[in-house]
Amino acid sequence: MRSKTSLFNKEMVLQVGRNVGWISAIYFLALFFAIPLQIMMINSGENYRSFMPVQRLFDFQFPIQFIMFITVPVVMAIFLYRFLHVKQAADLIHSLPLKRQQIFHFYTLTGFAFLIVPVILVALITAVIHGVYDLNLYFQLEDIFRWTGIVILFNSVFFLSGVFIAMVTGISVVQGVLTYIMLLFPAGFTLLIIYNLGLMLYGFPSDYYQVRNIEYLSPISHLGFLEGQMITAKSYFIYSALILVLYFLSLSLYKKRKIEAASEAIAFNGLRIVFKYGVAFCMMLLGGMYFDAMQNEFGWLIFGYGAGGIIGYFSAEMVLQKTWRVFGRVKGLGYFAVGMVVLILITQAFAPYEKKVPALDDIKSVTYANHIYIHQDDRLAPKPLLKKENVEAVRMLHESILKNERLNEQRRMESQEFALFIYELNNGKKLVRQYTIDRFDYEKQLKEIYESLEYKRAHEPVFKISTEDITSIRINKHFTGSPLIITDKNKINEAFEILKKEIEQDPFTIDSYPIGNQSTIEIMSGINNYDHIELKQSYKSFIAWLEKNDMLEEAMVTPEDIDYIVVSNDSIEEEQFKEYPEEEITNRIMNDKNALKLSERDQVLSAIESAGYGWFNEAPYTAIFVYKNGSYKEIRTFSDNKVPGFIREHFKEDQ
């Protein structure tokens, strides 16, 4: 009669304990140091009253916790199923009178127990410390239970991912590498696809999608955000379902796995093809992404695709064949190249996508922005435009961009503008496109959009702040003096109303080169909400209000702050800026025998209001502003159309 072997007998548990027990011990010690010991150290010190309240146990030494959470479960899976990757051990285990599913259940569940026992022990110790020190003021017992549940959940995902890969491969090192690739794959692959679609399809909003919570597609990057927020019920459900799928899929693969697969990089023949071409495809996308980011030229993009695909293909072959002598296997590479050419041609055939601009009657609203924002409900996110004339203006700009596609792609734009279009259609769908344009090519269309009151109120921060919420207005004077801080409620209300009118009347200028005084206005509202506005030279009413209330000298640079100004008609080119340090450029201008020195108040005031910022541009005049406060020297420039007449006349006479 055949004897029966108990699945969970003492000897087998001890054997597994000898293999992975040390991992469990290290895990416990690391978590004990990060949480219970940390709490005791903080509360036993002399300054224990300054112990900062926390909302989660993740706030204690989170970097240590994070490293343990992502490494220990994977290492546990590697050492636990090491027997599958060593032929003698595989033969021995599978010679036991046990079915494969029994072996799988025993090893997986025993390893899981060794993994969660340290977590539970740390949670119990923390609960005891919580009661002894009476820490209800800082965190609750519920926080300990919540921490325990989240850690066990993520440990299970990482551990079973390692178990699943153990069934797929026959080499422990490959198991570790492939486990992390698998865990990062959803987020990484999505990023590669989105980025490369942005290269292939004109107008595809790759930047827009890249900031739309891609990090939550990988449990590793998702775990990295747990220091600042909690996991949602939806995430609990998804990860729980993933755990079940990984468990039973691993069991199914184990039943089909051949013992001879030990020491093979990929244990199943069918998966070898997927692995080889999958690596080649991902490396191709990565190569294109890298060279586009570095060079931003079509030739380098094609080179990146080719080089990435070749490197990925032969790297995968080396792993599969366990040798570097694989460069004669070019037949498969040829198939891959043909497939990729066909795929690129198919992608390029999506002309209707690239040319799509919704009809005016189909649009409910449109959001036009020159920057990317994460969520529509963000406090500073632009609001949609609803008025028909403004929606049509945005549509017309969109159509103009499409007509100039080749010009937009070929030109090296010195004054580039990001253009994001988000249409909300009447049928409930959304159409999103993004482009990079030269704003000088679309001056008329941009002026019509930017000068509309609806656009300004949808974008400018001052129109999204309630006057009652403002606690202070701070004006930071450029480089000199202490900031002006306005806290009087009446003055805040007056200043805020004037500012809103100034912004409503502010004309659009195509030139982004900043001119004149460069003070910044900082509005504080609510709890730690700070909004910054540039105090432009054109805000005459606001400047007059500052002067009327004897605040002008505190808020803006005036002639009284300047010792003197030295102006030269020796412009600084970009290459000179790269080659020479600031001090050398300053000395060159200061020692120019033909330079004009300004010290008269009216001339200094005119220079302050007309000078631009930056060390180099197309401007033919360069100036050194020497401040009285610490003799600080600042390099500024005058463009030809902004330079004061007396400066122009001086250098005409010298010629």
Side-chain angles (χ1 to χ4, degrees), residues 85 161-162 164-201 204 206 214 217-218 253 257-258 260-350:
H85 306 152
S161 297
F164 171 76
I165 297 298
M167 306 305 151
V168 172
T169 183
I171 302 175
S172 296
V173 174
V174 175
Q175 178 190 352
V177 173
L178 289 183
T179 299
Y180 286 109
I181 291 176
M182 173 186 168
L183 291 169
L184 293 169
F185 182 79
F189 187 70
T190 301
L191 176 61
L192 286 175
I193 291 294
I194 288 174
Y195 189 95
N196 283 274
L197 281 177
L199 302 178
M200 295 290 105
L201 294 175
F204 184 83
S206 57
I214 288 181
L217 296 178
S218 167
L253 289 175
R257 179 190 172 99
K258 295 179 181 179
E260 297 80 12
S263 77
E264 293 291 336
I266 302 296
F268 299 92
N269 290 330
L271 291 179
R272 293 182 182 183
I273 297 176
V274 175
F275 173 77
K276 179 166 60 177
Y277 290 112
V279 171
F281 182 66
C282 290
M283 284 296 295
M284 183 193 78
L285 296 180
L286 183 62
M289 180 178 177
Y290 173 80
F291 282 98
D292 176 75
M294 293 294 103
Q295 297 298 125
N296 193 26
E297 292 182 0
F298 181 75
W300 281 107
L301 172 64
I302 297 302
F303 173 80
Y305 282 143
I310 292 170
I311 293 172
Y313 178 84
F314 284 118
S315 297
E317 279 283 21
M318 289 178 193
V319 172
L320 292 173
Q321 305 303 327
K322 293 182 290 186
T323 177
W324 62 270
R325 300 174 183 272
V326 296
F327 297 103
R329 298 173 176 267
V330 295
K331 186 176 180 180
L333 181 60
Y335 292 144
F336 174 76
V338 172
M340 292 304 100
V341 170
V342 172
L343 180 61
I344 291 174
L345 290 176
I346 291 174
T347 305
Q348 290 294 292
F350 278 81

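Along the sequence shown, residues carry numbers from 1. On a predicted model such as this, the values are computed, not experimentally measured, just so you know.
Atom CD1 of I266 is separated from atom CZ of F275 by 5.0 Å, given to the nearest 0.5 angstrom. Atoms CZ and CD, from R272 and E317 in turn, are 10.5 Å apart once rounded to the nearest 0.5 Å. The line from CG of L333 to CZ of F336 is 7.5 Å long, rounded to the nearest 0.5 Å. If you take CG on L320 and CD on E264, they are separated by 9.0 Å, rounding to the nearest 0.5 Å.
In this structure, Y290 places its OH atom where only 12 or fewer heavy-atom neighbours from other residues, nucleotides or ligands lie under 6.0 Å away. By the 6.0 Å contact criterion, CD1 on I273 is open, its count of non-hydrogen atoms from other residues, nucleotides or ligands being 12 or less.
Remark: the backbone N or O of G162 is paired with a side-chain donor or acceptor of Q175 at under 3.5 angstrom. At least one donor-acceptor pair closer than 3.5 Å links the side chain of S218 to the backbone N or O of L183. For S315 (side chain) and I311 (main-chain N/O), a donor-acceptor pair under 3.5 Å exists by modelled atom type. Not one N or O on the side chain of Y313 forms a donor-acceptor pair closer than 3.5 Å with the backbone of M283.
You'll find the side chain of T179 stays beyond 4.5 Å of the side chain of T169, heavy atoms only. Between V319 and V279, the closest side-chain pair of non-hydrogen atoms is not below 4.5 Å. By the 4.5 Å heavy-atom criterion applied to side chains, K258 and F268 are not counted as neighbours. Within the 4.5 Å cutoff, the side chain of M340 has heavy atoms near those of the F281 side chain.
Across all non-hydrogen atoms, the minimal contact from R257 to G170 is NH2-CA, 3.7 Å. Taking both residues in full, the closest heavy atoms of V174 and A265 are given as CG1-O, 4.0 Å, listed atom of the first, atom of the second, then distance. Residue L217 comes nearest to P186 through the heavy atom pair O-CB, 3.2 Å, listed as atom of the first residue, atom of the second, then distance. The shortest heavy-atom contact between A166 and H85 is O-NE2, 3.3 Å.
Among residues at least two apart or in separate chains, side-chain hydrogen bond (donor to acceptor under 3.5 Å, both in side chains) pairs with a member in residues 184-199 are Y195-D292, N196-Y305.
Considering only residues two or more places apart in sequence or on other chains, F303 meets the ring-ring contact (aromatic ring centres under 6.0 Å, His included) condition with F291, W300.
Between M289 and the options L301, L199, L191, a side-chain contact (heavy atoms from CB on, under 4.5 Å) holds for only L191.
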